[in-house]
Amino acid sequence: MDEQPRMMHSHAGVGMAGHPGLPQHMQEGTGGADGDGRKQDIGDILQQIMTITDQSLDEAQARKHALNCHRMKPALFNVLCEIKEKTVLSIRGAQEEEPPDAQLMRLDNMLLAEGVSGPEKGGGSAAAAAAAAASGGAGADNSAEHSDYRAKLSQIRQIYHTELEKYEQACNEFTTHVMNLLREQSRTRPISPKEIERMVSIIHRKFSSIQMQLKQSTCEAVMILRSRFLDARRKRRNFNKQATEILNEYFYSHLSNPYPSEEAKEELAKKCSITVSQVSNWFGNKRIRYKKNIGKFQEEANMYAARTAVNAASVSAHGSQANSPSTPNSAGGYPSPCYQSDRRIQ
DNA sequence: AACAATGATTCAGA
DNA sequence: TCTGAATCATTGTT
């Protein structure tokens with residue numbers, strides 16, 4: 001305030017004609033006769049604004065302050081804001097309103113369903129249980145699988161939350177910074193509160209698009225985790241020796257027609273403590289692999305044929321036929337090794 | 001580490 | 001729907 005008189009007279013050419021108070025037209029409304037005085041007044045202020053960059057930093061600061069305290073500043077500021085609002089902002093105004101993002105909603109729903117974004121416990125284990133049910137395994141070591149799944153899920157969850165928090169914090173910090181900056185600048189250039197608000201919403205949109213990327217990558221991580229959990233090939237366990245022997249015994253004793261019936265599969269499954277589909281898989285693989293390389297399986301075939309023969313002999317020696325194969329070998333099946341299971345060793 | 005064995009999946013065809 | 005064939009991914013062996 002105290003610098004005002006000095007400043008007002010610093011440029012002799014554009015001075016305010018030395019009047020101490022507000023000009024008449026500013027107090028009494030528009031008076032046609034005062035047009036020249038007003039023009040001069042505004043011209044003076046504009047001139048001061050234009051020359052502000054020529055000053056040293058201290059001088060400029062002082063000038064800025066003086067301008068800020070000038071009696072016409074609010075009026076000029078409002079007019080400039082109005083003009084700016086009408087021109088620049090109206091151009092962008094049309095495209096600002098956007099519909100709620102469907103993609104974002106999908107991501108949110110999925111994260112909630114997988115228990116990543118929801119309450120601490122529950123969703124993850126439910127998903128794990130569903131995955132386990134879908135995998136259709138025997139379920140003996142499911143608890144270990146579950147804890148592994150849950151551990152990895154909670155790891156994802158933790159990363160997601162810390163990242164989200166970081167983004168939110170960064171967003172807030174940046175917003176406050178920009179708001180302060182704009183408020184500060186609004187003292188020297190026309191920035192309306194509305195425009196600040198608009199800027200804030202732009203910042204929020206930008207940050208929420210970053211958040212969406214975070215959500216996207218989190219979803220991907222969960223999907224990968226789930227697919228790994230569901231993919232039975234990744235947790236393949238060899239059958240135990242006994243189960244393999246039972247299956248081989250059946251295979252080689254039915255070499256001419258190695259296609260167990262549904263009942264036979266069920267019985268084998270029970271004996272081997274595996275599922276019927278595992279029995280089917282095993283026979284499918286065995287048939288194709290045997291057919292591909294009979295020579296390689298020769299020895300194995302002979303061994304099982306011999307064993308079956310011994311078993312049959314001992315059984316018949318006891319006068320029982322309970323263990324005889326339900327579908328004996330016949331001509332027309334797979335090429336056979338030296339021994340046929342339904343033939344007795346001489 | 002390289003390789004073989006093995007259980008599971010996918011897909012075309014009957 | 002079942003099977004053969006090709007293939008994948010893991011386990012076991014050398």
Side-chain angles (χ1 to χ4, degrees), chain A residues 114 124 127-153 155-156 217 219-308 325-342:
Chain A
E114 294 296 334
S135 72
D141 53 354
N142 262 1
S143 57
E145 302 271 350
H146 275 204
S147 64
D148 193 35
Y149 179 87
R150 270 203 294 272
K152 291 203 169 110
L153 193 70
Q155 208 176 330
I156 291 172
S217 59
C219 277
E220 275 165 20
V222 173
M223 293 308 281
I224 288 166
L225 180 65
R226 277 200 79 165
S227 73
R228 288 185 74 90
F229 188 77
L230 284 169
D231 191 354
R233 281 183 294 198
R234 291 182 186 274
K235 49 179 182 181
R236 188 179 71 77
R237 296 279 183 279
N238 288 351
F239 298 154
N240 61 38
K241 207 171 175 188
Q242 199 190 350
T244 314
E245 288 203 350
I246 291 167
L247 294 168
N248 271 319
E249 225 164 87
Y250 188 99
F251 181 80
Y252 287 111
S253 65
H254 298 77
L255 205 52
S256 63
N257 186 32
Y259 297 86
S261 64
E262 201 55 34
E263 298 85 62
K265 280 183 195 171
E266 278 169 22
E267 201 182 327
L268 285 167
K270 202 189 285 180
K271 274 189 196 168
C272 302
S273 308
I274 57 177
T275 66
V276 173
S277 59
Q278 282 177 305
V279 174
S280 298
N281 283 337
W282 189 91
F283 273 88
N285 285 322
K286 189 72 184 181
R287 281 192 297 266
I288 190 75
R289 282 162 186 164
Y290 178 80
K291 203 174 103 179
K292 257 187 189 169
N293 195 349
I294 295 169
K296 198 178 79 180
F297 288 96
Q298 187 82 266
E299 204 177 320
E300 188 180 75
N302 290 342
M303 190 191 81
Y304 279 103
R307 190 182 299 185
T308 309
S326 54
T327 37
N329 276 342
S330 58
Y334 283 85
S336 303
C338 303
Y339 300 108
Q340 289 269 344
S341 64
D342 50 351

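Lettering follows sequence order; numbering is per chain, from 1.
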Looking only at the side chain of [X] (C-beta and beyond, no hydrogens), which of the listed nucleotides [options] gets closest?
X: K296(A); options: dT9(B), dT3(C), dA5(B); answer: dA5(B)
X: R287(A); options: dT3(C), dT11(C), dT9(B); answer: dT3(C)
X: I288(A); options: dA8(B), dG12(C), dA5(C); answer: dA5(C)
X: R289(A); options: dT3(C), dA5(B), dT7(C); answer: dT7(C)

Does [X] put a side-chain nitrogen or oxygen below 4.0 Å from OP1 or OP2 of [N]?
X: K292(A); N: dG4(C); result: no
X: Q278(A); N: dA8(B); result: yes
X: K291(A); N: dA5(C); result: yes

For N285(A), side-chain hydrogen bond (donor to acceptor under 3.5 Å, both in side chains) partners two or more places apart: none
Just the rounded figure in Å: distance from [atom2] of [N] to [atom1] of [X].
X: E300(A); N: dT6(B); atom1: CD; atom2: P; value: 8 Å
X: F251(A); N: dG7(B); atom1: CZ; atom2: P; value: 13 Å
X: F297(A); N: dA4(B); atom1: CZ; atom2: C1'; value: 12 Å
X: W282(A); N: dT6(B); atom1: CH2; atom2: P; value: 10 Å
X: F239(A); N: dA5(B); atom1: CZ; atom2: C1'; value: 13 Å

DNA chain C: 5'-proximal contact among E262(A) and N285(A) (nearest heavy atom): E262(A)
Residue met sooner reading DNA chain C from 5', once N238(A) and P260(A) are mapped to nucleotides: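 Its nucleotide being nearer the 5' end, the pick is P260(A).
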Sugar-phosphate only, base, or nothing, as touched by N281(A) at under 4.0 Å among non-hydrogen atoms: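 Base, at least one base heavy atom under 4.0 Å.
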Sugar-phosphate, base or nothing in reach of K286(A), heavy atoms under 4.0 Å: nothing
Near-ring test F297(A)/Y252(A), centroid separation under 6.0 angstrom: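 Here the rings of F297(A) and Y252(A) have centres that are no less than 6.0 Å from each other.
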Ring center gap for Y290(A) and F251(A) short of 6.0 angstrom: yes
Of all pairs that satisfy salt bridge (charged side-chain N to carboxylate O under 4.0 Å, His left out), the ones with a partner from residues 295-305 of chain A, not counting sequence neighbours: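 Checked against salt bridge (charged side-chain N to carboxylate O under 4.0 Å, His left out) - neighbours excluded - the pairs reaching residues 295-305 of chain A are K286(A)-E300(A).
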CD/Q242(A): more than 12 non-hydrogen atoms of other groups inside 6.0 Å: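 Open: at most 12 neighbouring heavy atoms sit under 6.0 Å from CD of Q242(A).
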